[in-house]
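Each residue takes its place number in the sequence, starting with 1.
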Amino acid sequence: MTLPPEPARLITLLEQAGFSVYVVGGCVRDSLLGKQPEDWDLCTAATPQQASEILHSAGITVHETGLQHGTITAVIDGKAYEITSFRCDGAYTDHRRPDSVQFTQNLHEDLARRDFTINAMAFHPQTGLVDPFGGQADLQAGVIRCVGEPAQRFAEDALRILRALRFAATLGFAIEENTAQAAYHAREYLLHIAHERVQVELTKLLCGSHAHEILLAHREIIFAVLPELAPLNGFDQHTPWHCYDVYEHSCVAVQHVPPTPALRWAALLHDIGKPACFFMRDGTGHAHGHPAVSVQLTLQVCERLKFSRKLTQQVHTLVEHHELRLLEDDVAPARLRRLLGKHGGNLLLQLLQLNRADVCAQHPDKLYRLENFEPIQQAIEQLIAEQSCVTRAQLAVNGNDLMALGLRDKQLGQALDELLHQVIEGKLPNEREYLLTHIQQSRSD
Ligand code: ATP
Ligand code: MG
């Protein structure tokens, strides 16, 4: 394992001052997995004040971000490095944070308070790996295992339950049996966790390459934080279109959209309104109007879990329009242009991805519709690339041109709409001469 120069420098500085110091946690795990770590975190026997003074006098910017939990942040070339003093945690009474922390000189005590064996390893460039709980073996075996007694560790801090699921989903690991059992039994403690934290972990989980396996295998835990999903579980749709219940269908859809937060959340929530809209007619199930109910429930989730405004808006729009059925049959070019004008290129391509995932998660007999995916994607990309006229602003004439023809007020907007309609339908080329002639002719009719 080779450290980049910045954490190596931090280690040298603290060590020269007489304190033991290591890189620790996620960066050790990711390096051992052969991945480039995003952040390098350090742990040290120095107290936060000591570490702060040492680095400060070496000319490094230090922010005393989490002093009471023993963390400071050093900034080198605009990048932040968290340095946490070795600590052991006092009692936990709120299922999230220790009531007190105690600094210690002992690295092993610090590693023992960490959540999973794969996250409880430290590394020093000269002395190598410190791995008292078998983290490296669990990494090789692909196992998420609590450090210590799982039931106690989850009762102390219930966020660890979601972190276990998140690491399993992103790394493709199994959750060790005792750890999984304890997570299941401790799930109600998740109600004590701040909604933002729940959201962050769920979003990372959903973007994991093994998200759908985890959503299915640990559904009771998911329902503890997303109770809106519980009615989908086991809900039979009574239609030849579907071979899964609504919850399974949603999880399979998650797996088939690209791993961006908006698409993954939209795939999970798109049918959340189905049970409320469901009725049987002639032996077949229907759920007309469910996107509107899905939107209401989606907004409830977004608000409770404190999604950013941008993410809320993206998920909202995707859920609202998830029934475009772009793959159903030949989509007329005019319809694509109209949709492009309405939603914009980015969103329309995302809606197409969601449509594709929806089909992937339906009955295998219906998969033939996927053949339409590539041609439609290409058609949309081409319309975007050639800047095809799909909005009033893209017309080759503007309001001034029409005023010169004597149009006023409401007539102006109506005329522009009419021209856009003609262009989108392919009945007029988007060229000034043709557009002006068309308006003059219709005025003289
Ligand atoms: P990533 O940053 O890739 O999401 P990470 O493992 O670095 O993963 P962080 O949240 O940055 O996760 O935490 C850094 C380290 O702190 C972890 O590797 C783990 O050792 C410890 N840790 C984080 N959260 C907890 C927790 N809730 N309980 C116990 N230890 C934790
Ligand atoms: Mg980290």
Locate the shortest heavy-atom distance separating L352 from L327; write the atom from each residue and the value. CD1-CD2, 3.9 Å

Kindly write out the residues that satisfy salt bridge (Lys or Arg N to Asp or Glu O under 4.0 Å) with D245, not counting sequence neighbours, or none if the list is empty. none

Under 3.5 Å side-chain donor-acceptor pair for E15 and S20: no

Here the side-chain hydrogen bond (donor to acceptor under 3.5 Å, both in side chains) pairs for residues 216-228, sequence neighbours left out, are R219-N233, E228-Q300, E228-R304

Could you check T170 against L205 for side chain to side chain contact (heavy atoms under 4.5 Å, CB included), going step by step and ending with a plain yes or no? CA-CA 6 Å; T170 52; L205 188 169; over 6 Å; no

Pairwise distance CG(L33) to CG(L171) - rounded to 0.5 angstrom: 6.0 Å

So do the side chains of V359 and F373 get within less than 4.5 Å of each other, counting heavy atoms only? no

Write out all pairs satisfying salt bridge (Lys or Arg N to Asp or Glu O under 4.0 Å) with one or both partners inside residues 83-107, taking only residues at least two apart or from two chains. R87-D89, R96-D157

List the residues meeting salt bridge (Lys or Arg N to Asp or Glu O under 4.0 Å) with E176, not counting sequence neighbours, and say none if there are none. none

Using the ring of each side chain (for Trp, its six-membered ring), is F279 parallel, tilted or perpendicular to H286, with breaks at 30° and 60°? parallel

List for me each residue that meets salt bridge (Lys or Arg N to Asp or Glu O under 4.0 Å) alongside R337, sequence neighbours excluded, and say none if there are none. none

Does any pair with a residue in residues 109-137 pass salt bridge (Lys or Arg N to Asp or Glu O under 4.0 Å), and if so which ones, sequence neighbours excluded? D110-R113, D110-R114, D115-R163

Atom pairs and distances, side-chain donor-acceptor, residues 21-29, under 3.5 Å, sequence neighbours left out:
from, atom 1, to, atom 2, distance (Å)
R29, NH1, N119, OD1, 2.7

Are F154 and Y184, when compared by the centres of their aromatic rings, separated by less than 6.0 Å? no

Going through the distances and angles, do H210 and E213 end up as a side chain to side chain donor-acceptor pair (under 3.5 Å)? CA-CA 6 Å; H210 294 259; E213 293 153 44; 3.1 Å; yes

Filter on side-chain hydrogen bond (donor to acceptor under 3.5 Å, both in side chains), then keep only pairs touching residues 187-204, sequence neighbours left out; what's left? R166-E201, Q199-T203, T203-W265

Quick test of your reading: applying side-chain hydrogen bond (donor to acceptor under 3.5 Å, both in side chains), list the pairs with at least one residue in residues 132-150, sequence neighbours left out, ordered by first then second residue. T117-D138, D138-R145

N/O donor-acceptor pairs under 3.5 Å from side chains in residues 2-11, not counting sequence neighbours:
none

Pairs touching residues 362-389 that satisfy salt bridge (Lys or Arg N to Asp or Glu O under 4.0 Å), sequence neighbours left out: E328-R369

Enumerate the residue pairs fulfilling salt bridge (Lys or Arg N to Asp or Glu O under 4.0 Å) with a member in residues 45-61, sequence neighbours excluded, ordered by first and then second residue. none

F235 and Y244: side chain to side chain contact (heavy atoms under 4.5 Å, CB included), yes or no, with the steps? CA-CA 9 Å; F235 197 96; Y244 300 117; over 6 Å; no

Does the side chain of L395 reach to within under 4.5 Å of the side chain of C389, using non-hydrogen atoms? yes

Taking C-beta and beyond as the side chain, do L229 and V301 meet within less than 4.5 Å on heavy atoms? no

If we count only N and O atoms by modelled type, under 3.5 Å, do the side chains of Q49 and S52 hold a donor and an acceptor together? no

Establish, yes or no, whether a centroid distance under 6.0 Å links the rings of H290 and H270. no

